[in-house]
Every structure is written in C-alpha cells, then in structure tokens.
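Structure, as structure tokens:
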Amino acid sequence: MTNKIMSRYYIAAELTLASPLSLSGGIEENTDSDVMRDGERRLFVPGSSIAGAFRRYMGQKKDEEGVFGYSKNSKENGEEGCMSSLFISDVYFDEENSRNIVSERDGVKLTEQKTVDNKFDYEIIETGASAILHIEKVYREKDAEKGLPDDLSVVQCLLSALNKGEIRLGARKNRGCGWIKVNKVYKHVFSMKEKANEYKQWVDFCLSGNECDEKSVWEDWERGLKQEKYVHIEIPLRLTGGISIRKYSTKPEEADFEHLTIHGQGKEEVPVIPGTSWNGAIRDCARNILHELKIPAINEKLRQWFGFVDTLGKGESKGQQSMVVFKESQLRGAIPMKSTRNKINRFDASTVDGALYTERAYFGGRTILTMLVQKTDNVREYYPLIALLSLVIEEIKEGYLAVGGQTAVGRGIFEADIEKLENIWNEEITEKECMRELAALRKGY
C-alpha cells in the first residue's frame with residue numbers, strides 16, 4: 001500500500017559549542033577516552049547520537065508511534081513498525097575555518113575524604129568549535145492519521161531545547177560538557193501536494209548543495225518551550241583573588257602548576273572553571289549545610305540529587321543521573337600571573353634543597369555560574385534541592401565557599417557581581433515554598 005510523500009522540509013542549523021564536547025568512539029590512542037573521528041580523521045558527532053538525544057527529550061520510546069518512528073513485536077500482529085519522519089545527519093566540525101582545537105583534560109575520582117581514588121584523562125573538542133546540523137523532515141499521506149502535523153513545530157522545539165541547554169550531547173553532559181549554541185537556521189520547503197515539478201526542484205536542490213544562502217534564512221525558528229524540563233539558575237560572580245585549577249603538563253618550558261584554560265578568539269588563553277569543579281565544591285558545601293540543619297539520611301539525599309555510580313563487580317554497576325547540571329564557566333577579564341617559590345616535600349613539609357616550584361594562576365575577572373535543576377512530577381523532590389542550592393549560593397556570595405586548589409591560601413573565592421540575588425531562577429518559584437519543603441525533610445515525608 002502506497003504512502004505518498006506530501007511535503008519535504010530541509011533544515012540546516014549553524015552550531016557552536018557553548019562548552020567542551022566529550023564524545024568518545026572507544027579509541028585510546030592519546031588518552032583513556034579519545035574524541036570520535038571518522039575514517040578520514042575528521043571530528044564528528046554521529047547522527048544516531050543526536051537523534052537519540054532528541055528522542056529522549058521528546059519522551060518517545062522505541063515501541064511507541066511518533067515522529068521518530070517505532071519498531072515492536074506482538075503475538076497478535078507479529079513484527080511491525082514505521083520509519084522515522086526525521087532524518088538527522090552526522091555533524092562534522094569545521095577544522096579549517098574555525099578555531100576548533102582538541103585538547104586533553106584530566107579527571108579524578110575522589111573519595112568522601114577528598115582523596116584520589118582513581119585518575120584518568122580524556123580528550124575534548126574545545127568551546128567555540130563550529131559545525132552544521134542537517135535535518136530533513138518528510139510528511140507522508142497517512143501521517144495525519146497518526147496525529148503528526150505537516151509543519152516544523154517539532155524541529156522548532158528540538159532546536160530551541162538544544163539552544164537553551166535542555167538537550168546536551170556526549171559524555172559528562174551534567175558536569176559542564178555538551179552545551180550547544182544555535183546561531184542561524186536555514187529552511188527550504190518542498191510541497192508535493194499540488195506541483196508535480198516540485199520533485200525536480202528537490203533533486204536540483206540536493207545536487208546544488210546551496211542550502212545556506214541568505215534567501216533561505218529562517219528568522220522565527222526559536223520558540224518558547226511549552227514545558228521546560230529544568231529550572232535554570234544563573235549567578236554572576238566576581239573573583240576576589242586568584243584561582244588555581246590544575247592543568248597537568250610534562251613540557252619543561254611550562255610552569256609546574258598552570259590553571260586550566262581553553263583557546264579563545266585570536267588564540268588567547270581563556271581561564272575556565274569546569275563543571276566538575278563546581279560540582280565538587282557545591283556538593284561538599286551542600287553536605288555541610290544539611291548536617292547543620294540536622295537533615296536525616298544526608299548521603300541518600302545527596303546521591304538522589306547529585307547522582308552516583310556504584311561498582312558491583314564483574315563489570316557491572318548501578319547508578320543514578322544527577323538532578324543538578326553544571327555548565328563550564330569562562331573567567332573573563334582575569335590577569336595571568338606567574339610566581340616561583342621553594343618546592344615543598346609533601347612527606348615532611350620541608351623545602352627541597354635547590355628545587356623551585358613555578359605556578360601560573362589567574363587573578364580577578366568575572367564569570368557566570370550556570371546550573372540546571374531537573375524538574376519532576378513531585379515538587380517535593382526538587383523544591384528542597386532548589387532551597388539547598390540557594391543556601392549554597394549565599395555561601396558563595398559571602399566568600400565562604402572556595403573552588404579549585406590552594407583554597408587554604410585564599411584561592412578560588414568569589415562574591416556576587418550584583419547587589420541582591422533576586423529572581424535567579426527562570427520560574428515563578430518562591431524561595432519560601434522551597435525552604436518549607438527543605439525544612440520538612442527534618443521530619444520526613
């Protein structure tokens with residue numbers, strides 16, 4: 001039985017990485033987790049990864065009918081399914097005309113006592129890398145029976161969610177990686193309902209490869225999301241002193257201790273605060289606040305809110321995704337400063353004879369702490385978390401919470417870059433409501 005194509009929509013979206021991208025293909029040539037490359041060594045993100053992130057955001061399961069198609073087996077009807085009406089391309093990064101740089105990051109697994117349990121390294125594609133995402137939407141004659149609209153509302157929703165950070169790609173996407181900025185979108189529409197020559201125009205269009213001309217710019221692609229899945233929190237901060245988040249190096253001409261940076265415009269180095277550093281500092285502060293408030297079952301609450309992974313043995317593990325998402329912060333206006341001092345023997349705290357220690361840290365500057373809090377059907381699950389984070393933010397504002405290394409000597413202390421921390425989240429949620437739910441945890445639900 002035929003199911004004719006009634007309309008074709010072609011979308012090209014210019015993307016920029018708003019944070020590093022960590023997406024491994026399983027190769028371990030340079031690090032424990034190298035970024036994904038194709039057979040020609042080009043950096044790319046598979047269309048299957050993007051489609052999977054889109055499908056998860058829409059909440060469509062594999063055996064449910066919808067815009068992404070479905071496939072299922074049943075005793076009554078046997079095997080049945082339907083092809084997706086959305087076709088997502090692989091995304092290749094422009095390595096020649098943009099400042100894309102692959103760099104290495106170091107990671108550590110810490111114990112509750114803040115000692116190193118395990119160390120690893122991984123590659124990232126740095127912030128600012130550019131690429132183009134191609135999406136084709138096909139509307140067929142029988143799609144109306146399935147409730148699928150003959151328009152681009154689904155594509156608008158997905159691109160808007162991607163631009164707002166509701167959809168993130170790759171690994172470590174709750175700890176600073178995988179944020180995408182949508183810069184410009186192009187649209188071409190081919191209707192097969194009335195004009196027979198539209199097929200020839202479609203073929204000519206595909207052969208021309210001219211999908212990104214100024215005549216096809218889609219101005220109103222962005223739309224407000226009907227129901228955002230996260231509460232967005234942004235805090236402008238000012239660094240009061242210096243900050244030191246280590247970037248390891250074996251090059252003799254570089255400092256022994258360098259703060260973590262990325263390559264900015266004009267190849268200048270931009271200091272950053274990774275999401276992992278924010279998470280570690282804020283989670284530890286949250287633990288102390290819960291202890292002071294005498295909230296029971298603190299570890300269970302922290303595991304529920306900030307996620308966990310438990311190794312069970314024999315290659316098996318169990319875990320839960322964090323309800324708090326951190327974005328990597330860039331420190332703007334900071335001044336690099338190199339200093340040299342005596343090297344200390346960590347065993348007996350004495351100076352090492354004839355040895356010097358060089359450090360390159362950053363001082364001053366401004367940044368923005370961006371956090372997302374996942375919403376659930378039950379406000380009692382995330383309202384207490386928002387209240388807890390608001391208390392942590394007050395600790396940051398007053399300079400009681402330090403981030404990074406060498407905090408014992410005054411590094412990593414911030415203060416609010418505004419007079420009052422009001423309306424820091426994007427929803428009509430009152431702090432009083434959240435505090436009431438946090439207080440209720442003292443007695444349990």
Side-chain angles (χ1 to χ4, degrees), residues 114 174-176 230-243 245 273-299 301-307 322-332 364-375 379-442:
K114 300 295 180 274
N174 288 345
R175 295 297 176 259
Y230 294 89
V231 177
H232 295 241
I233 303 174
E234 289 190 351
I235 312 297
L237 299 173
R238 180 170 58 250
L239 182 63
T240 60
I243 188 168
I245 299 176
I273 307 167
T276 50
S277 296
W278 283 124
N279 171 71
I282 290 176
R283 179 171 181 157
D284 187 57
C285 182
R287 178 188 300 277
N288 294 334
I289 292 175
L290 292 176
H291 180 74
E292 292 177 4
L293 295 176
K294 298 181 180 179
I295 303 295
I298 293 178
N299 287 335
K301 296 291 189 302
L302 290 175
R303 286 162 66 90
Q304 175 189 353
W305 291 335
F306 290 90
S322 173
M323 294 178 61
V324 186
V325 178
F326 296 93
K327 184 179 181 181
E328 180 167 291
S329 302
Q330 297 185 20
L331 191 60
R332 297 293 181 177
R366 288 175 163 83
T367 190
I368 296 178
L369 168 58
T370 302
M371 296 182 289
L372 307 183
V373 177
Q374 182 182 357
K375 296 192 293 186
V379 296
R380 286 187 167 184
E381 293 182 359
Y382 71 94
Y383 270 25
L385 176 56
I386 293 177
L388 179 61
L389 291 176
S390 68
L391 294 176
V392 173
I393 291 168
E394 287 296 325
E395 296 279 298
I396 298 175
K397 174 186 174 183
E398 298 298 330
Y400 298 138
L401 174 60
V403 182
Q406 303 189 62
T407 56
V409 293
R411 298 290 171 83
I413 298 177
F414 291 87
E415 63 182 11
D417 203 19
I418 52 178
E419 293 185 0
K420 293 184 179 181
L421 293 178
E422 296 179 349
N423 301 323
I424 59 175
W425 41 69
N426 65 325
E427 293 195 7
E428 296 296 329
I429 301 175
T430 65
E431 189 173 3
K432 186 176 181 180
E433 290 178 299
C434 298
M435 289 298 180
R436 186 186 300 117
E437 294 297 335
L438 180 61
L441 294 180
R442 296 186 62 175

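Hydrogens, waters and symmetry mates play no part in the numbers below; they use all other heavy atoms, side chains included.
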What are the two closest non-hydrogen atoms of [X] and [Y], and how far apart are they?
{"X": "Ser390", "Y": "Met435", "value": "OG-CE, 3.3 Å"}
{"X": "Gly307", "Y": "Arg283", "value": "O-NH1, 3.3 Å"}
{"X": "Trp278", "Y": "Lys327", "value": "CD1-O, 4.1 Å"}
{"X": "Leu401", "Y": "Ala281", "value": "CD1-O, 3.5 Å"}
{"X": "Ile243", "Y": "Arg411", "value": "N-CD, 3.9 Å"}

Under 3.5 Å, side chain of [X] to main-chain N/O of [Y], donor-acceptor pair present?
{"X": "Arg287", "Y": "Ile298", "value": "no"}
{"X": "Ser329", "Y": "Ile368", "value": "yes"}
{"X": "Thr367", "Y": "Gln330", "value": "yes"}

Next item on the list: Take Val325 and Asn174 through the side chain to side chain contact (heavy atoms under 4.5 Å, CB included) test and state the conclusion after the steps.
Entry: CA-CA 4 Å; Val325 178; Asn174 288 345; 3.4 Å; yes
Between [X] and [Y], is any pair of side-chain heavy atoms under 4.5 Å apart?
{"X": "Phe326", "Y": "Ile282", "result": "yes"}
{"X": "Ile235", "Y": "Ile396", "result": "no"}
{"X": "Val324", "Y": "Asn279", "result": "no"}
{"X": "Arg366", "Y": "Arg332", "result": "no"}
{"X": "Asn288", "Y": "Glu395", "result": "no"}
{"X": "Pro384", "Y": "Trp305", "result": "yes"}
{"X": "Leu372", "Y": "His232", "result": "yes"}
{"X": "Met371", "Y": "Ile393", "result": "yes"}

Notebook entry, point to check: Roughly how far apart are Asp417 CG and Arg238 CZ, rounded to 0.5 Å?
Noted result: 4.5 Å
Notebook entry, point to check: Once you round to the nearest 0.5 Å, how far does OH of Tyr382 lie from CD of Glu437?
Noted result: 10.5 Å
Next item on the list: Show the numbers, then the answer: is there a side chain to side chain contact (heavy atoms under 4.5 Å, CB included) between Leu293 and Leu438?
Entry: CA-CA 9 Å; Leu293 295 176; Leu438 180 61; 4.0 Å; yes
Next item on the list: I would like to know whether Val231 and Lys375 meet side chain to side chain contact (heavy atoms under 4.5 Å, CB included); could you show each step before the answer?
Entry: CA-CA 7 Å; Val231 177; Lys375 296 192 293 186; 3.7 Å; yes
